[in-house]
Amino acid sequence: MPEGDTVWQAARRLHDALAGKVLTRSDLRVPRFATADLTGRAVLDVTARGKHLLTRIEGGLTLHSHLRMDGSWKVYGNGQRWSGGPGHQIRAILGNTDRTAVGYRLPVLELLRTTEEHRAVGHLGPDLLGPDWDPDRALANVLQDPARELGEALLDQRNLAGIGNVYKSELCFLLGVTPWLPAGDLPPDRATMLPALAKKLLEANRDRPIRITTGLRGQDLFVYGRARRPCLRCRTPIRVADQGDGSRERPTYWCPTCQPGPVPTPARRGHTN
């Protein structure tokens with residue numbers, strides 16, 4: 001699932017394939033921009049901003065995309081078979097004489113003036129993998145609503161940019177609290193740890209093909225995706241439940257022994273525990 005580290009990786013792949021080269025192929029398959037032609041323009045750079053991708057193009061243009069749950073950008077050499085999905089799922093094609101980048105299932109794709117990038121990403125909090133990272137501001141943002149569940153505060157990209165369901169669950173495990181703990185109840189010593197720990201997790205994985213938070217070979221994650229399997233620390237079965245208002249599925253994993261604190265009632269649980 002795309003989170004800050006995987007989006008950072010996607011930006012690097014796209015930058016390596018496109019930056020500094022003139023586009024010889026351009027196809028944006030969304031109604032609003034279907035007639036836009038970027039051929040003849042050079043790609044200046046591709047950068048990640050939280051979970052957003054910004055492809056900056058000569059002439060003051062930026063192609064903004066967001067992967068959300070299922071989107072992806074694939075890069076192919078000339079003559080290489082495209083394998084990211086069926087043709088009807090392609091939303092964007094950017095190509096030069098050497099490489100072609102193909103965007104599949106992109107729920108957000110828009111062409112902006114580079115000077116107006118703030119319309120797409122100006123709402124984001126400090127980026128865990130970006131030059132604007134500010135741990136004090138990020139922590140203040142997370143704690144600004146003391147009654148809000150910590151897991152929800154971590155997912156709110158306006159607080160800090162880059163955390164998704166996986167890192168939310170793993171970070172709460174490492175902090176020793178449940179994701180349903182009110183943010184204001186986070187013990188001060190662990191609140192102080194939060195920004196540096198979150199950054200450490202994402203930085204450690206931005207160059208890895210497989211996300212690892214445990215440091216243990218063959219056991220990549222402490223709790224995420226491990227429902228009913230024994231906790232790596234105490235052997236208690238890991239539990240899972242949905243968190244949020246129900247508008248989207250957000251499976252959240254925790255160890256009931258290592259993470260004391262509030263948990264959802266059985267009626268709120270959206271998964272078998």
**Q.** Under-4.0 Å salt bridge between E152 and R250
**A.** yes
Q. Do W73 and V108 share a hydrophobic cluster (ILVMFWY, side-chain heavy atoms under 4.5 Å, transitive)?
A. no
**Q.** For the student: nearest non-hydrogen atoms of L139 and P195, plus distance
**A.** CB-CG, 3.8 Å
Q.
Can you confirm whether L171 sits close enough to I163 that some side-chain heavy atom of one is under 4.5 Å from a side-chain heavy atom of the other?
A. yes
(Q) Within the structure provided, determine whether D220 and I210 are in side-chain contact (heavy-atom separation under 4.5 Å). (A) yes
Q) Under 4.5 Å between any side-chain heavy atoms of V121 and L124, yes or no? A) yes
Q: Verify side-chain contact (heavy atoms from CB on, under 4.5 Å) between L28 and R91, making sure each step is shown before the conclusion.
A: CA-CA 6 Å; L28 305 183; R91 296 293 176 266; over 6 Å; no
Q: Would you give the length of the straight line joining atom CE of M69 to atom CG of L67, rounded to the nearest 0.5 angstrom?
A: 11.5 Å
Q: Answer yes when R12 and D207 have at least one side-chain N-carboxylate O distance shorter than 4.0 Å, and no when they do not.
A: yes
Q.
Has T6 got a side-chain atom pairing as donor or acceptor with E3's backbone, closer than 3.5 angstrom?
A. yes
Q: Compare all side-chain heavy atoms of T236 with those of C258 and state whether any distance is below 4.5 angstrom.
A: no
Q. For S65 and L109, which heavy atoms make the closest approach, and how far apart are they?
A. CB-CD1, 4.0 Å
Q: Please answer whether the main-chain N or O of L53 pairs with a side-chain N or O of R49 as donor and acceptor at a distance below 3.5 Å.
A: no
Q | For the student: nearest non-hydrogen atoms of A17 and V75, plus distance | A | CB-CG1, 3.6 Å
Q: Begin with the C-alpha distance, continue with both residues' side-chain angles, and end with the deciding distance and a verdict on side-chain contact (heavy atoms from CB on, under 4.5 Å) for R226 and Y253.
A: CA-CA 8 Å; R226 301 191 70 251; Y253 298 80; 5.6 Å; no
Q) If you count the non-hydrogen atoms of other residues, nucleotides and ligands that lie under 6.0 Å from CZ in R158, is the total more than 12? A) no
Q: If the plane angle is over 60° it's perpendicular, under 30° parallel, otherwise tilted; pick one for H66 and H52.
A: perpendicular
Q | Under 3.5 Å donor-acceptor, Q89 side chain and G84 backbone | A | no
Q. Counting N and O atoms only, with roles assigned by atom type, does the side chain of Q157 sit under 3.5 Å from a partner on the main chain of G125, one being a donor and the other an acceptor?
A. no
Q. Linking I/L/V/M/F/W/Y whenever their side-chain heavy atoms sit closer than 4.5 Å, directly or via other members, would V7 and L160 fall into one cluster?
A. no
(Q) In the structure I gave you, are the side-chain heavy atoms of S72 and R105 within less than 4.5 Å of one another anywhere? (A) yes
Q. When you check the gap from the basic side-chain N to the acidic O, do R208 and D5 get nearer than 4.0 Å?
A. no
Q) Can you tell me how far the CG atom of L38 sits from the CZ atom of R25, to the nearest 0.5 Å? A) 13.0 Å
Q. Do L150 and L197 sit in the same hydrophobic cluster, where Ile, Leu, Val, Met, Phe, Trp and Tyr count as joined when their side-chain heavy atoms come under 4.5 Å apart?
A. yes
Q. Are F33 and I57 joined in one hydrophobic group, where the rule is that I, L, V, M, F, W and Y side chains link up if heavy atoms are under 4.5 Å apart?
A. yes
Q.
Checking K21 against D98 for the salt bridge (Lys or Arg N to Asp or Glu O under 4.0 Å) test, could you report, in this order, the C-alpha distance in whole Å, the side-chain angles of both residues, the deciding distance, and whether it holds?
A. CA-CA 9 Å; K21 298 177 182 178; D98 300 313; 3.4 Å; yes
(Q) Using the side-chain hydrogen bond (donor to acceptor under 3.5 Å, both in side chains) definition, which of the options T62, D45, T114, T47 pairs with R56? (A) D45
Q. Would you say C172 and L175 make side-chain contact, with heavy atoms under 4.5 Å?
A. no
(Q) salt bridge (Lys or Arg N to Asp or Glu O under 4.0 Å), that's the test. Do R99 and D16 meet it? Break it down for me. (A) CA-CA 10 Å; R99 300 288 184 87; D16 290 346; over 6 Å; no
Q.
On a heavy-atom basis, which atom in P182 and which in P262 lie closest, and how many Å separate them?
A. CD-CG, 4.1 Å
Q | R190 CZ: over 12 foreign heavy atoms closer than 6.0 Å | A | yes
Q: Any chance you could measure L61, atom CG, to L112, atom CG, to the nearest 0.5 Å?
A: 9.0 Å
**Q.** Short side-chain to backbone donor-acceptor contact, Q243 and P179, under 3.5 Å
**A.** yes
Q) Between H64 and T55, does a side-chain contact (heavy atoms from CB on, under 4.5 Å) hold up when you go through it step by step? A) CA-CA 6 Å; H64 165 234; T55 302; over 6 Å; no
Q: Using the side-chain contact (heavy atoms from CB on, under 4.5 Å) rule, take W82 and I90 through it: C-alpha gap first, then chi angles, then the decisive distance, then the call.
A: CA-CA 10 Å; W82 298 359; I90 294 174; 3.9 Å; yes
Q | Stepwise side chain to side chain donor-acceptor pair (under 3.5 Å) check, T213 with E170 | A | CA-CA 7 Å; T213 61; E170 294 295 292; 2.5 Å; yes
Q. Are Q259 and T178 close enough that a side-chain donor and a side-chain acceptor fall under 3.5 Å?
A. no
Q: With the side chain counted from C-beta on, respond yes when L154 and Y167 share a heavy-atom pair under 4.5 Å apart, and no when they do not.
A: no
Q) If you look at every heavy atom in P251 and S169, which pair is closest and at what distance? A) O-OG, 4.5 Å
Q: Taking T39 for its side chain and L23 for its backbone only, find out whether a donor-acceptor pair lies under 3.5 Å.
A: no
Q) Taking a hydrophobic cluster as the set of Ile, Leu, Val, Met, Phe, Trp and Tyr residues connected by side-chain heavy atoms closer than 4.5 Å, whether directly or through intermediates, do W8 and L18 fall within one such cluster? A) no
Q: Check for a donor-acceptor pair, side chain of D134 on one end and backbone N or O of P126 on the other, with a separation under 3.5 Å.
A: no
Q.
For Y76 and Y104, take the angle between the two ring planes, folded into 0 to 90°, and tell me which bin it lands in: parallel under 30, tilted 30 to 60, perpendicular over 60.
A. perpendicular
Q) Is any side-chain N of the basic residue among E116 and R119 closer than 4.0 Å to the acidic one's carboxylate O? A) yes
Q) When rounded to the nearest 0.5 angstrom, what distance separates CG in L232 from SG in C255? A) 9.5 Å
Q: If the plane angle is over 60° it's perpendicular, under 30° parallel, otherwise tilted; pick one for F222 and F173.
A: parallel
Q.
I want to check something: taking the side chain as every heavy atom from C-beta on, are Y224 and N165 in contact at a cut-off of under 4.5 Å?
A. yes
Q. Side chain of D242, backbone of T252: donor and acceptor closer than 3.5 Å?
A. no
Q: Calculate, to the nearest 0.5 Å, the distance between atoms CD1 and SG belonging to I238 and C231 respectively.
A: 4.5 Å
Q: Could you tell me whether R29 and D27 have a side-chain N and a carboxylate O separated by less than 4.0 Å?
A: yes
Q) Within the side chain of N159, is there an N or O that forms a donor-acceptor pair under 3.5 Å with the backbone of L155? A) no
Q: Would you confirm whether E58, through its side chain, and R41, through its main-chain N or O, come within 3.5 Å as a donor-acceptor pair?
A: no
Q.
Looking at every heavy atom in both R239 and P256, which two are closest together, and how far apart are they?
A. NE-CG, 3.8 Å
Q: Hey, could you give me the CG/CZ distance between L201 and R206, rounded to the nearest 0.5 Å?
A: 13.5 Å
Q: Given side chain to side chain donor-acceptor pair (under 3.5 Å), test S83 with K74 step by step and report yes or no.
A: CA-CA 8 Å; S83 56; K74 304 290 186 181; over 6 Å; no
